[in-house]
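For this chain, numbers begin at 1 and follow the sequence in order.
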Amino acid sequence: QVHVVESGGGLVQPGGSLRLSCKAYGLPMNYDYAKAWFRQAPDKEREGVSCISNSDDMTYYADSVKGRFTISRDRAKNTVYLQMNNLKSEDTGVYYCATDLRLCGSGWNDPSGFDFWGQGAQVTVSS
């Protein structure tokens with residue numbers, strides 16, 4: 001059974017930084033899998049933020065976060081990070097980590113393409 005855990009949310013002022021962490025337990029060995037970050041603001045649909053696969057170096061970003069957010073992984077810790085810099089008020093929302101047995105590829109930002117989700121971490125950007 002796959003279990004996904006996020007950590008690292010919080011309150012930050014505009015222009016500040018936060019780092020989110022995501023660890024998945026129970027993924028089978030020797031399979032390709034993707035880990036993606038989504039976010040959902042109040043009264044808005046869940047949107048893809050970034051994605052990284054375990055078997056290649058390809059990374060994907062939403063246009064709204066390019067140049068500010070960086071996704072990375074620590075293979076030894078089986079953990080994926082989302083470093084968020086120069087945060088804006090419009091980045092506020094609940095951030096979810098999702099994983100599945102696939103590569104990111106096209107359609108990485110479609111939530112229906114992922115079966116395993118964490119509980120979410122609140123990120124609030126406010127002065």
Can a donor-acceptor pair be found, under 3.5 Å and without considering hydrogens, that links the side chain of [X] to the backbone of [Y]?
X	Y	answer
S53	C104	yes
T92	V125	yes
R73	I52	no
E6	G120	yes
N78	A24	yes
R75	K77	no
D100	D115	yes

Find out whether T70 and Y61 are in side-chain contact, i.e. whether some heavy atom of one side chain is under 4.5 Å from a heavy atom of the other.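 With C-beta onward as the side chain, the pair touches.
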
Would you say that Y60 contacts N109 through its side chain, given a criterion of any heavy-atom pair below 4.5 Å between the two side chains? no

To check you understand the geometry: which heavy-atom pair defines the closest contact between [X] and [Y], and what is its length?
X	Y	value
A34	T99	O-OG1, 2.7 Å
D56	M58	OD1-N, 3.1 Å
V5	Q119	CA-OE1, 4.0 Å
V2	G26	CG2-O, 3.8 Å

At what distance, to the nearest 0.5 angstrom, does SG of C97 lie from OH of Y81?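 If we round to the nearest 0.5 Å, C97:SG and Y81:OH are 12.0 Å apart.
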
Inter-residue atom distance R102.CZ - C51.SG, 0.5 Å rounding: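 Separation between the atoms: 6.5 Å.
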
side-chain contact (heavy atoms from CB on, under 4.5 Å), paired with V4, selected from F116, Y96, Y25, F114: F116

Please list, chain by chain and in numerical order, all residues satisfying side chain to side chain contact (heavy atoms under 4.5 Å, CB included) with N54, sequence neighbours excluded. D32, Y33

Excluding sequence neighbours, so at least two apart, what forms side chain to side chain contact (heavy atoms under 4.5 Å, CB included) with A62? S64, V65

Any salt bridge (charged side-chain N to carboxylate O under 4.0 Å, His left out) pairs touching residues 45-55, not counting sequence neighbours?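 For residues 45-55, and leaving out neighbouring residues, the salt bridge (charged side-chain N to carboxylate O under 4.0 Å, His left out) pairs sorted by first residue read R39-E47.
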
In chain order, what residues pass the salt bridge (Lys or Arg N to Asp or Glu O under 4.0 Å) check against R68, with sequence neighbours excluded?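 D91.
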
Identify all side-chain donor-acceptor contacts of residues 8-20 below 3.5 Å with residues at least two apart in sequence or on another chain.
| unit_1 | atom_1 | unit_2 | atom_2 | d |
| --- | --- | --- | --- | --- |
| S17 | OG | N85 | OD1 | 2.9 |

Are F69 and W37, when compared by the centres of their aromatic rings, separated by less than 6.0 Å?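 Ring-ring flag for F69/W37: false, centres at least 6.0 Å apart.
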
If hydrophobic clusters are built from ILVMFWY residues whose side chains come within less than 4.5 Å, do Y95 and F38 share one? no

Taking side-chain hydrogen bond (donor to acceptor under 3.5 Å, both in side chains) as the definition, give me every residue that meets it alongside D43, ordered by chain and number, with sequence neighbours left out.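 So D43 forms no side-chain hydrogen bond (donor to acceptor under 3.5 Å, both in side chains) with any residue.
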
